[in-house]
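Written below as structure tokens is the structure these notes are about.
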Amino acid sequence: LNEEKYGINIIYDITERKKEEETKKILIREIEKKNLELAYLNSEKDRFTGMVSHDLQNYIGAMILMMELMKEPGYAANEKQAGHIKRLDRSVNSVRNLVGDFMTVNRIQSGIINPVYALVNMGDIVNEVLERHEGAAANKSIKIHFTNNCTGLYFTTDASYLSIIADNLVSNAIKYSYAGKNIWVEASKKDLKYILTVKDEGLGIPEKDMPNMFGRFQRLTPRPTANEPSNGLGLSIVKDLTNALKATIECKSAVGEGTTFTVSF
């Protein structure tokens with residue numbers, strides 16, 4: 001009887017194990033199928049986002065061109081109309097920056113970060129970035145002090161990515177500073193490294209926010225001081241691009257004492 005019972009138990013165990021193995025195989029096939037579906041849907045989402053963003057940029061470019069014409073002396077009939085044009089110009093540029101950020105994030109999420117390396121001058125690129133932000137700084141009576149210690153010095157990196165990094169850091173410094181404050185920007189070389197430094201007298205970042213600072217769509221405690229739009233993408237883009245360029249970024253900040261970002265290439 002014991003031998004019979006023992007034999008039945010063995011047969012039962014083998015049968016149950018076979019059932020479990022078959023169930024596992026079915027589940028694995030289902031998971032693989034779902035993963036393929038998700039990958040396809042994600043690629044379609046990225047493709048659609050890229051198409052829409054590209055089209056939006058074309059429309060926004062046309063709007064910006066019209067705004068430039070409207071800002072010409074004598075276009076506005078009175079001071080009230082000039083104020084409307086100024087606010088409209090600010091809104092159009094905000095939308096352009098937002099679409100640009102989403103396009104950059106879409107490329108990052110799609111794994112399309114292929115730096116195009118060339119010899120560049122950091123001082124020249126940063127100077128171009130600062131020229132684009134002259135209006136925003138002037139609107140808040142913020143003075144930007146630029147020190148270029150890279151005159152005649154060239155190093156290899158992606159000029160476009162370097163420009164985006166500098167653009168986001170300068171933009172943040174302006175957004176999170178009160179009117180009448182100062183911002184210091186420096187392009188320098190130390191030993192074999194080229195260094196971009198952006199320092200402000202702004203709100204500062206609380207210690208509790210520091211671990212989440214480079215997270216995508218993160219809303220940190222400080223808010224832009226003049227209700228400027230903020231999508232929570234800027235610093236995450238900076239981090240992704242510095243990583244792509246094999247650079248490093250450091251942040252030193254204290255509430256009420258401003259923030260300093262240092263990017264080393």
Report the distance from atom [atom1] of [X] to atom [atom2] of [Y], rounding to the nearest 0.5 Å.
X: His84; Y: Lys80; atom1: NE2; atom2: NZ; result: 5.0 Å
X: Leu235; Y: Ile205; atom1: CG; atom2: CD1; result: 6.5 Å
X: Ile144; Y: Ile174; atom1: CD1; atom2: CD1; result: 4.5 Å
X: Thr242; Y: Phe214; atom1: OG1; atom2: CZ; result: 7.0 Å
X: Asn127; Y: Cys150; atom1: CG; atom2: SG; result: 12.0 Å
X: His133; Y: Ile183; atom1: NE2; atom2: CD1; result: 9.5 Å

* To do: Could you check whether the rings of Tyr194 and Phe155 sit parallel, tilted or perpendicular, using 30° and 60° as the cut-offs?
  =>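 Judged by the thresholds at 30° and 60°, the geometry between Tyr194 and Phe155 is parallel.
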Heavy-atom closest pair, residues [X] and [Y]:
X: Ser253; Y: Gly258; value: OG-O, 3.3 Å
X: Thr157; Y: Val120; value: CG2-CG2, 3.4 Å
X: Pro115; Y: Ala244; value: CG-O, 3.8 Å
X: Ser264; Y: Lys193; value: CB-CD, 4.2 Å
X: Pro206; Y: Gly204; value: CD-O, 3.8 Å
X: Lys199; Y: Thr260; value: CG-OG1, 3.2 Å

If you count heavy atoms of other groups shown closer than 6.0 angstrom to [atom1] of [X], is the number above 12?
X: Asn35; atom1: CG; value: yes
X: Glu207; atom1: CD; value: no
X: Tyr178; atom1: OH; value: no
X: Leu27; atom1: CG; value: yes
X: Met210; atom1: CE; value: yes

Side-chain heavy-atom pair [X], [Y] within 4.5 angstrom cut-off:
X: Lys24; Y: Glu21; value: no
X: Lys18; Y: Glu22; value: no
X: Phe261; Y: Ile249; value: yes
X: Val185; Y: Val129; value: no
X: Ile26; Y: Arg29; value: yes
X: Ile164; Y: Asn168; value: yes
X: Asn148; Y: Val126; value: no
X: Pro222; Y: Asp209; value: yes

Test of understanding: clusters of I, L, V, M, F, W, Y form through side-chain heavy atoms closer than 4.5 Å, transitively. Do [X] and [Y] belong to the same one?
X: Val238; Y: Val198; result: yes
X: Ile195; Y: Tyr154; result: no
X: Val170; Y: Tyr176; result: no
X: Leu130; Y: Ile125; result: yes

* Candidate pair Phe265 and Leu162, rule side-chain contact (heavy atoms from CB on, under 4.5 Å), full reasoning -> CA-CA 10 Å; Phe265 299 87; Leu162 172 55; 3.5 Å; yes
Any donor and acceptor pair, going by atom type alone, linking the side chain of [X] with main-chain N or O of [Y] inside 3.5 Å?
X: Asn149; Y: Lys189; result: no
X: Glu250; Y: Thr262; result: no
X: Thr23; Y: Lys19; result: yes
X: Asn139; Y: Gly135; result: yes
X: Asp158; Y: Tyr117; result: no

* Identify the residue among Val255, Thr221, Thr225, Thr259 that makes a side-chain contact (heavy atoms from CB on, under 4.5 Å) with Leu203. =>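 So, applying the side-chain contact (heavy atoms from CB on, under 4.5 Å) to Leu203 and each of Val255, Thr221, Thr225, Thr259, only Thr225 qualifies.
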* **Pairs involving residues 228-240, ordered by first then second residue, that meet salt bridge (charged side-chain N to carboxylate O under 4.0 Å, His left out) (sequence neighbours left out)** =>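 Qualifying pairs: Lys140-Glu228, Arg216-Asp240.
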* Pairs in or reaching into residues 162-188: which pass salt bridge (charged side-chain N to carboxylate O under 4.0 Å, His left out), with residues at least two apart or in two chains? ->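 Qualifying pairs, neighbours excluded: Arg132-Asp167.
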